[in-house]
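A short worksheet on the structure shown next.
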There are 2 protein chains.
Amino acid sequence: MKPETRKDEIIKTAAKLFKEKGYSAVTMRDLAKAMGIKAASLYNHINSKQEILKDIIISLAETFTEGMKRIKSSEASSIEKLEQVITLHVEISSNNIYGMASLNNDWMHLEEKLEYYLALRSGYEEDFRNILEEGVKGNEIDNINVEVMLFSILSTLRSLYLWIPNKEDVNTQELSKNLSKVLIHGIHA
Amino acid sequence: MKPETRKDEIIKTAAKLFKEKGYSAVTMRDLAKAMGIKAASLYNHINSKQEILKDIIISLAETFTEGMKRIKSSEASSIEKLEQVITLHVEISSNNIYGMASLNNDWMHLEEKLEYYLALRSGYEEDFRNILEEGVKGNEIDNINVEVMLFSILSTLRSLYLWIPNKEDVNTQELSKNLSKVLIHGIHA
DNA sequence: CTACAAAACTAACAATTGTTAGTTTACTTG
DNA sequence: CAAGTAAACTAACAATTGTTAGTTTTGTAG
């Protein structure tokens with residue numbers, strides 16, 4: 001682990017504020033006040049407000065893409081892959097609740113990096129869809145509308161950041177297991 | 001149906017813009033341009049930007065609360081109630097995709113009406129939780145962590161607005177049925 | 001103690017924000 | 001046509017926005 005730079009602190013604080021009010025509603029003066037300094041001082045460490053958002057979102061999006069790549073190339077069954085995807089989301093989300101808020105809600109303000117982000121997201125969804133389709137083909141997964149399944153599961157996983165902080169002890173293993181149960185087997189045997 | 005006033009048009013246009021960029025990033029000049037008039041002219045019909053957001057969100061929140069009240073007081077089984085809640089979300093969301101975006105993402109900018117909104121939301125979630133708990137008690141629903149079930153289902157339903165526009169023919173009946181299948185019985189028999 | 005770099009500061013900027021005041025245009029009704 | 005009202009306009013405001021320039025303070029290594 002590299003030591004945390006002042007820039008890292010700023011980005012972390014910004015992510016927290018972005019989660020509360022959204023990127024656009026947070027001013028550089030808000031951010032400076034939260035850091036205990038003046039707005040102009042922020043620019044000794046970062047180049048622009050824009051760049052902060054980019055740093056928050058792109059690194060997260062790439063982490064998801066890398067995780068998916070690993071899962072995709074594994075030899076696991078479709079259901080196992082699905083469980084691995086669930087665990088991936090639980091782990092990334094619990095490690096970066098604030099960043100996940102920006103990833104979900106502020107990506108449209110990315111500007112120069114918007115296209116790249118959208119490409120990562122499309123690729124991720126496509127890989128997710130393939131896992132489900134393979135599962136249906138192999139009779140591991142019921143032959144329901146794949147888009148409905150994809151949407152339902154992905155919506156839940158993408159909202160994890162809203163929910164995790166409310167639970168005191170984030171036992172990620174326990175949470176992954178419970179989520180897998182609910183998402184895969186439903187709530188009614 | 002009352003005839004649509006100019007104010008209604010403004011609110012509808014605003015909701016559309018709010019969905020694209022979020023409340024804070026949409027300026028009154030953006031909204032005016034989308035309406036084909038000048039920013040100052042908006043104030044012949046509305047009192048403030050704030051009020052537009054309030055009109056969008058509160059009416060939706062109240063619609064959900066009324067729907068839940070109806071479902072709660074029905075004689076249906078727990079699973080049937082759950083199906084009714086799913087249908088409620090599908091119908092409200094498909095009738096007001098843009099407003100649902102504000103409801104989900106811009107509620108924190110409500111200011112004077114924030115407390116009221118939060119009360120409605122808490123009440124709604126509590127009613128939802130009760131349906132699940134009753135279902136578990138009556139052996140209609142598996143004895144899994146109720147909070148995980150609540151979170152998972154609600155996350156999916158709250159994200160509907162993101163997904164519905166992508167599907168050409170929004171056959172709400174079909175969608176409700178498929179969603180019920182996935183949310184209640186999972187994806188793997 | 002000196003020198004240097006990191007990181008804070010003050011002051012200011014040009015642009016943009018929501019909103020108001022006052023005026024003109026367009027439409028409807030008698 | 002006259003009068004009234006609904007809805008647009010122009011012009012401006014005070015506040016806030018992200019950011020820059022230039023300067024001072026703070027901490028560290030020789």
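Computed from a prediction, not measured in an experiment: that's the story for all the values here. FYI, side chains are in, hydrogens and waters are out, and symmetry mates aren't considered; it's all heavy atoms of this structure. Below, chain A is the first sequence line, B the second, and so on; all start at residue 1.
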- [ ] Indicate whether any N or O donor in one side chain lies under 3.5 Å from an N or O acceptor in the other, for B:Glu62 and B:Tyr117.
- [x] no

Open item on the list: Is A:Arg6 close enough to C:dA8 that one of its side-chain N or O atoms is under 4.0 Å from OP1 or OP2 there?
Closed with: yes

TODO: Report yes if at least one side-chain N or O of A:His45 is closer than 4.0 Å to OP1 or OP2 of C:dA6; otherwise report no.
DONE: no

Open item on the list: Given 3.5 Å as the limit, does a donor-acceptor pair link the side chain of A:Asp30 with the main chain of A:Thr27, or not?
Closed with: yes

Task: Atom pair NZ/CG of B:Lys19 and B:Asp106 - distance to nearest 0.5 Å - done: 12.5 Å

Open item on the list: We want to know whether B:Asp8 and B:Thr5 form a side-chain donor-acceptor pair, criterion being a heavy-atom distance below 3.5 angstrom.
Closed with: yes

TODO: Check the distance between C:dG18's P and B:Lys33's NZ and give it to me in whole angstrom.
DONE: 14 Å

Task: Value in whole Å for how far the P atom of D:dC9 lies from OH of B:Tyr43 - done: 15 Å

TODO: Write down the distance between CG (B:Leu31) and P (C:dT16), rounded to a whole number of angstrom.
DONE: 18 Å

- [ ] Starting at atom CZ of B:Arg29, determine the distance to atom C1' of C:dT19, rounded to an integer number of angstrom.
- [x] 9 Å

TODO: Measure the distance from OH on B:Tyr23 to P on C:dT17 and round it to the nearest whole Å.
DONE: 13 Å

- [ ] Write down the distance between CD (A:Glu111) and C1' (D:dG18), rounded to a whole number of angstrom.
- [x] 12 Å

- [ ] Report yes or no: is there a donor-acceptor pair, N or O only, under 3.5 Å between the side chain of A:Asn44 and the base of C:dA6?
- [x] no

- [ ] Calculate the interatomic distance between B:Ile46 atom CD1 and C:dG18 atom P; express it in whole Å.
- [x] 10 Å

Open item on the list: Heavy atoms only, 4.0 Å cut-off, all strands: where does A:Thr27 land among base, sugar-phosphate and nothing?
Closed with: sugar-phosphate

Task: Charged tip of B:Lys49 within 45° of B:Tyr23 ring normal and under 6.0 Å - done: yes

Task: Among D:dT19, C:dA21, C:dA8, the nucleotide that comes nearest once only the side chain of B:Ala40 is considered - done: C:dA21

Task: Whole-Å distance separating the CG atom of A:Asn47 from the C1' atom of D:dT20 - done: 13 Å

Open item on the list: If you compare every side-chain N and O of A:Ser41 against the phosphate oxygens of C:dA7 (OP1, OP2), does one of them come in below 4.0 Å?
Closed with: no

TODO: Using a cut-off of strictly less than 4.0 Å, decide whether B:Lys49 has a side-chain nitrogen or oxygen near OP1 or OP2 of C:dT19.
DONE: no

